[in-house]
Number of protein chains: 2
Amino acid sequence: MPRPMRADARRNYDKILATARIVFTERGTDSSLDEIAKRAGVGPGTLYRHFPTREALVDALMQDWTDRVSADADAAIATGQPAREMLLGWFEHFIDHITLHRGAASKICAAMDDPASPMYRKCRVMGEANRRVIDHLDVGGQLRPGVDAANVMRLVSGVASVADTSHADLDVRPMLEVVVDGIVRG
Amino acid sequence: MPRPMRADARRNYDKILATARIVFTERGTDSSLDEIAKRAGVGPGTLYRHFPTREALVDALMQDWTDRVSADADAAIATGQPAREMLLGWFEHFIDHITLHRGAASKICAAMDDPASPMYRKCRVMGEANRRVIDHLDVGGQLRPGVDAANVMRLVSGVASVADTSHADLDVRPMLEVVVDGIVRG
DNA sequence: CACAATACGGAGACTGTCTCCGTTTTAGCA
DNA sequence: TGCTAAAACGGAGACAGTCTCCGTATTGTG
């Protein structure tokens, strides 16, 4: 079991994370890491020791997203709405979360099928959340046969990615409606 | 009317483009531009004079993609297949083309709704091609009411982007099937 | 309070982007 | 053909971001 962090280490770790959250939200996940270090009041070396890559940093920030996404999935199921509404609501929440920082959605797309990525585990947690929703509707017989949760997840992440990348700020609703129509039993 | 390029300019322009095509295919659209210049046997200044940004270079390479995409759309229509097959075929061709260089798909997603992008016009050409296919099926009454060609385009580009980004090389077919089911009249 | 373990931080190596400007090439004209 | 203005070249180098190395500072434990 890993021994606890030294006090100064913990302090810097937290400070970096808090700063990164602000900067990434302001300017997207492509912001300069040295810049984040400077604004956090630490040297670049310190940042890189705690977070060897940009991915590792994004990953750490995503920690609470996964929790919220999981909760949203269960909340969606609890509503007991019919398939269409439940899915639309769930997908919209999911997209809201993963586009919290510009650029995050496409990183998630990349990590989803890459076990070597530090984000892989978090993607799995979100994937599990999605699976719960899909399975719930599936056993209720509300979905077309052969719908695969992993593919649904990819598809919705793709929509998120398009919305995030798009210069115009796009309404995802119409795209999600197509996806939902493709999933629920006609 | 613009006077013709000088012989040396034309020569270098072509050489850069040919080299970029090779390098982008080998290593994706993030390859170093100076590297491309070097391999093309020209100075960086020359590359940047012809193509002020990376986008401009990618855009120039896309020239023949748009032609092929257009032709594919018309070919798909000409098959006279039922909606499902026609769309699946068309979407797969489309994705094949826009993922020819790794990273291109997401650039296209970004350019699609950004009139300031140098790629915008090419995206419109591809968008028109897609619209022809969709309209053709729509007047034949084979689609759900309210299907919007622009959104279909975004959705399919999103699938392309996911496939392109994904570490594993993904089969796009299952995702496209969902999309198609969401579009054609149940 | 001493000292070993741990962490810090910033100088600087390295890589990629992009520009400026002295030099070379070209095309048109005598 | 030879001359010249205009056009294009190319590479040195300014700049920005990534990431590392190692001398210095901080921590917590015996």
Side-chain angles (χ1 to χ4, degrees), chain A residues 1-20 22-24 26-61 101-104 106-107 110 116-119, chain B residues 1-20 22-24 26-61 101-104 106-107 110 116-119:
Chain A
M1 134 172 127
R3 68 190 54 186
M5 265 180 168
R6 232 175 67 172
D8 53 349
R10 161 105 270 145
R11 201 164 45 233
N12 284 326
Y13 184 93
D14 291 343
K15 186 77 180 127
I16 291 168
L17 224 44
T19 307
I22 294 168
V23 176
F24 279 175
E26 271 175 10
R27 298 214 260 272
T29 42
D30 284 338
S31 319
S32 154
L33 296 186
D34 278 25
E35 165 76 13
I36 290 174
K38 186 178 294 180
R39 279 178 59 168
V42 304
T46 301
L47 187 149
Y48 283 96
R49 192 164 344 92
H50 286 302
F51 308 101
T53 64
R54 163 176 265 105
E55 287 243 306
L57 182 52
V58 174
D59 178 61
L61 283 176
H101 310 322
R102 185 154 283 236
S106 71
K107 281 186 202 303
S117 163
M119 279 192 247
Chain B
M1 132 175 130
R3 65 190 54 186
M5 264 179 168
R6 234 173 69 172
D8 53 350
R10 162 104 269 143
R11 199 164 47 233
N12 283 327
Y13 183 94
D14 291 343
K15 188 79 178 107
I16 290 169
L17 225 44
T19 308
I22 293 168
V23 176
F24 280 174
E26 270 174 11
R27 297 214 261 273
T29 43
D30 284 338
S31 319
S32 154
L33 297 185
D34 277 26
E35 165 75 14
I36 290 173
K38 187 179 292 181
R39 279 178 60 169
V42 304
T46 301
L47 186 150
Y48 282 97
R49 193 166 340 96
H50 286 303
F51 308 100
T53 65
R54 164 178 264 105
E55 288 242 305
L57 182 53
V58 175
D59 178 61
L61 283 177
H101 311 321
R102 184 154 284 234
S106 71
K107 282 186 201 302
S117 163
M119 277 192 248

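Letters go in sequence order (proteins before strands), and every chain restarts at 1. Side-chain atoms are counted along with the backbone in the values below, which use heavy atoms only and exclude waters and symmetry mates.
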For the student: nearest non-hydrogen atoms of A/P118 and A/A56, plus distance: CG-N, 4.2 Å
What is the distance, rounded to the nearest whole Å, between atom CZ of A/R27 and atom P of D/dG17? 10 Å
Distance check needed: C/dA7 P versus A/L47 CG, whole Å only. 15 Å
In whole Å, what is the span from the NZ atom of B/K15 to the P atom of D/dC9? 14 Å
Check: protein-nucleotides 3-5 of chain D nitrogen or oxygen pairs below 3.5 Å:
none

Once rounded to the nearest 0.5 Å, what's the spacing between atom CD1 of A/I22 and atom CG of A/L17? 11.0 Å
Between A/T46 and C/dA7, is there a contact of a side-chain N or O with OP1 or OP2 at under 4.0 Å? no
Report, one pair per line, the protein and nucleotides 26-30 of chain C atoms (nitrogen or oxygen only) whose separation is under 3.5 Å.
residue: C/dT26; atom: OP1; partner: B/R11; partner atom: NH2; Å: 3.0
residue: C/dT26; atom: O4'; partner: B/R6; partner atom: NH2; Å: 3.4
residue: C/dA27; atom: OP1; partner: B/A7; partner atom: N; Å: 3.0

Under the side chain to side chain contact (heavy atoms under 4.5 Å, CB included) rule, collect the residues that match up with A/A110, sequence neighbours excluded. B/T165
Tabulate protein N/O versus nucleotide N/O from nucleotides 16-19 of chain C, keeping only pairs under 3.5 Å, one per line.
residue: C/dT17; atom: OP1; partner: B/R54; partner atom: NH1; Å: 3.1
residue: C/dT17; atom: OP1; partner: B/R54; partner atom: NH2; Å: 3.2
residue: C/dT17; atom: OP2; partner: B/S32; partner atom: OG; Å: 3.3
residue: C/dT17; atom: OP2; partner: B/L33; partner atom: N; Å: 2.9
residue: C/dC18; atom: N4; partner: B/D34; partner atom: OD2; Å: 3.0

Kindly state each residue pair satisfying salt bridge (charged side-chain N to carboxylate O under 4.0 Å, His left out) with at least one member in residues 32-41 of chain B, sequence neighbours excluded. B/E26-B/R39, B/R27-B/E35
What's the OH-C1' distance between A/Y13 and C/dC8, to the nearest Å? 17 Å
Looking at B/H50, I'd like to know whether one of its side-chain N or O atoms comes within less than 4.0 Å of OP1 or OP2 on D/dC9. yes
Interatomic distance, A/R49 CZ vs C/dG10 P [rounded to whole Å]: 12 Å
Applying salt bridge (Lys or Arg N to Asp or Glu O under 4.0 Å) to A/D8 and not counting sequence neighbours gives A/R6
CD1 of A/I16 to CG of A/L57: how many Å apart, nearest 0.5 Å? 8.0 Å
The side chain to side chain contact (heavy atoms under 4.5 Å, CB included) partners of B/K15 (sequence neighbours excluded) come to B/T19, B/A40
Which whole-number value in Å describes the distance from A/N12 CG to D/dT26 P? 12 Å
Between B/F51 and B/A60, the two heavy atoms sitting closest are CE2-CB, 3.8 Å
Who passes salt bridge (Lys or Arg N to Asp or Glu O under 4.0 Å) against B/R10, sequence neighbours left out? B/D14
What is the distance, to the nearest angstrom, from the CD1 atom on A/I36 to the P atom on D/dA16? 17 Å
For A/T29, give me all partners under side chain to side chain contact (heavy atoms under 4.5 Å, CB included), at least two apart in sequence or on another chain. A/F24, A/V58, A/H101, A/K107
Qualifying side chain to side chain donor-acceptor pair (under 3.5 Å) pairs, either residue in residues 49-58 of chain A, two or more places apart: A/E55-A/S117
